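Atom set for the values below is all heavy atoms of this structure, side chains included, hydrogens, waters and symmetry mates excluded. Keep in mind the model is a prediction, meaning the values are calculated, not measured. In the text below, chain A, chain B and the rest are named by the order of the sequence lines, each starting its count at 1.
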Amino acid sequence: MDIFSDLRRLNKRQVYFQVLNFAMIISSALMIWKGMMVATGSESPIVVVLSGSMEPAFYRGDLLFLTNYRADPVRAGEIVVFKIEGRDIPIVHRVIKLHEKADGKVKFLTKGDNNEVDDRGLYKPGQLWVERDHVVGRARGFIPYVGIVTILMNDYPKLKYAVLGLLGLFVLIHRE
Amino acid sequence: MNTILARLNALFAFSLSVTAAVAFACFLTTNFLDYTQKVDIDVNKVVIKNMEEFYVGDRHDLGHIIFTLKANFTPVFNWNCKELFLYLMAEYETPQNKLNQVVLWDHIINRGENPVVNIRKRSNKYYFFDDGAFLRGNKLQISLHWNIIPNAGYLWRVPGGGSIALDLPESYGTSRI
């Protein structure tokens, strides 16, 4: 088999080269991600839609590109991605009611397109509105299906380890 | 290219690049089109009441609006527009909040469904509670907006032409809407 003959021919320098190569790939990916965070102003510039509450616009597995520019005010009808305190899962819903004071402080109510009622039942007990600080970003771009990989890997964690393990093995062993 | 694995790998990489290129082409060819449309909005009846808002606990003004809407969205649909999310929005100012925006009604039109909107004497879909009791004598700006959901691309929010101003009644009504 090709893989094992390659392995026998590896010497120290080549091993170092492969490890450095690997590190380069990881750090480039990290740089791109952090760069996007700065450019869009959002802590999570790309999110995967996790629930069916925005069907038929967004299905589970679709990818959303977010921006969160402070100078751009939130307006009713926008699709916002926000977090409830105490839970890490971001929610992607639409703003249906908005009240903004003269000093810029804003509070709004959200609802999923596919839900019958607004989100007050989803908020933290005692919370009636979503505020600017809860917002991770506003959906600006959309691409379908691409996020299915993330959902599959979350639903079947063994698959995640298998894929990562295989990828790591191929990068380290393969000479190119 | 002489093993199954190498061939599968090449095929996979190629289909990935082609799909990415098609998605980008979808975005490029439809992103800069004009999605505005003329809309006809009419308000048939307005009643304001004052009652305790659910969950909130305070007594707030509740507006009830019956409206008529006519619009034709045939030119807005193209190969990249998979859904049109329409929402009728009321915008107003109160001494308490400089800007208030309330969605009164929304509707989804998927590509392939009837793009002509002809709504007659429809009641608002969502409760129109103010964040206080400032609806009496106030002035609303009622407009229709729509959100273009593409197959791949930018999520445009388009304000429709034909917004109207509505003067709210000076006192609470008692009719049984």
Side-chain angles (χ1 to χ4, degrees), chain A residues 1-3 54-59 62-67 73-80 92 94-114 116-121 123 125-129 138-146 149 170 174 176, chain B residues 3 5-6 9 16 19-20 23-24 26-27 31 53-57 82-91 93-106 108-111 125-132 143-159:
Chain A
M1 284 202 62
D2 291 326
I3 302 175
M54 283 294 279
E55 291 182 16
F58 307 143
Y59 290 91
D62 292 341
L63 215 70
L64 292 174
F65 296 94
L66 311 181
T67 65
V74 181
R75 290 288 172 254
E78 282 193 26
I79 300 172
V80 293
V92 183
R94 199 181 289 271
V95 174
I96 61 166
K97 212 157 168 268
L98 183 133
H99 299 287
E100 185 177 291
K101 291 202 183 300
D103 62 7
K105 192 156 182 296
V106 65
K107 62 187 187 187
F108 45 92
L109 178 63
T110 57
K111 175 184 166 295
D113 290 351
N114 206 22
E116 283 299 310
V117 295
D118 61 40
D119 291 343
R120 287 214 165 113
Y123 299 162
Q127 178 186 1
L128 293 169
W129 305 94
R138 287 117 78 186
R140 296 291 183 231
F142 165 79
I143 195 158
Y145 310 126
V146 177
V149 183
F170 274 121
H174 203 47
E176 282 153 40
Chain B
T3 66
L5 226 57
N9 189 26
L16 220 61
T19 318
F24 193 59
C26 267
F27 158 68
N31 198 42
E53 188 177 345
F54 331 113
Y55 275 114
V56 175
K82 88 171 173 192
E83 177 196 318
L84 214 57
F85 185 89
L86 309 171
Y87 54 101
L88 190 72
M89 188 165 85
E91 201 169 306
E93 185 176 329
T94 65
Q96 190 183 339
N97 291 308
K98 186 144 196 327
L99 175 69
N100 300 276
Q101 291 186 328
V102 182
V103 170
L104 299 171
W105 170 89
D106 58 35
I108 291 176
I109 308 181
N110 290 308
R111 184 174 54 213
K125 202 176 186 185
Y126 302 113
Y127 285 104
F128 177 10
F129 270 112
D130 180 34
D131 184 34
S143 51
L144 184 72
H145 300 240
W146 47 94
N147 195 191
I148 313 260
I149 314 278
N151 279 328
Y154 194 79
L155 293 157
W156 286 110
R157 273 177 320 119
V158 185

Interface check, chain B: of A:G77, A:P144, A:P73, most non-hydrogen pairs under 4.5 Å belong to A:G77

Sort [X] into side chain, backbone, both or neither according to what part of it lies under 4.5 angstrom from a heavy atom of chain B.
X: A:V117; answer: neither
X: A:I79; answer: side chain
X: A:I96; answer: both

Taking only residues two or more places apart in sequence, or in another chain, which ones meet A:F108 in a ring-ring contact (aromatic ring centres under 6.0 Å, His included)?
none

Flag the pair [X] / [Y] as yes when at least one side-chain heavy-atom distance between them is below 4.5 Å, and no otherwise.
X: A:K107; Y: B:D131; value: yes
X: B:V103; Y: A:R94; value: no
X: A:R75; Y: B:L99; value: yes

My understanding is that only residues two or more places apart in sequence, or in another chain, count here; which of them pass salt bridge (charged side-chain N to carboxylate O under 4.0 Å, His left out) with B:R111?
none

Shortest non-hydrogen contact from [X] to [Y]?
X: A:I143; Y: B:A152; value: CG1-CB, 4.3 Å
X: A:R120; Y: B:F54; value: NH1-O, 4.5 Å
X: B:K82; Y: A:F142; value: NZ-CZ, 3.5 Å
X: B:I149; Y: A:F58; value: CG2-CE2, 4.2 Å

Distance-only donor-acceptor check, side chains B:Y126 and A:K97, under 3.5 Å
no

Close approach to chain B in residues 98-105 of chain A, criterion heavy atom under 4.5 Å
A:L98, A:H99, A:E100, A:K101, A:A102

Sequence neighbours left out, what passes side chain to side chain contact (heavy atoms under 4.5 Å, CB included) with A:N114? Give chain and number order.
A:E55

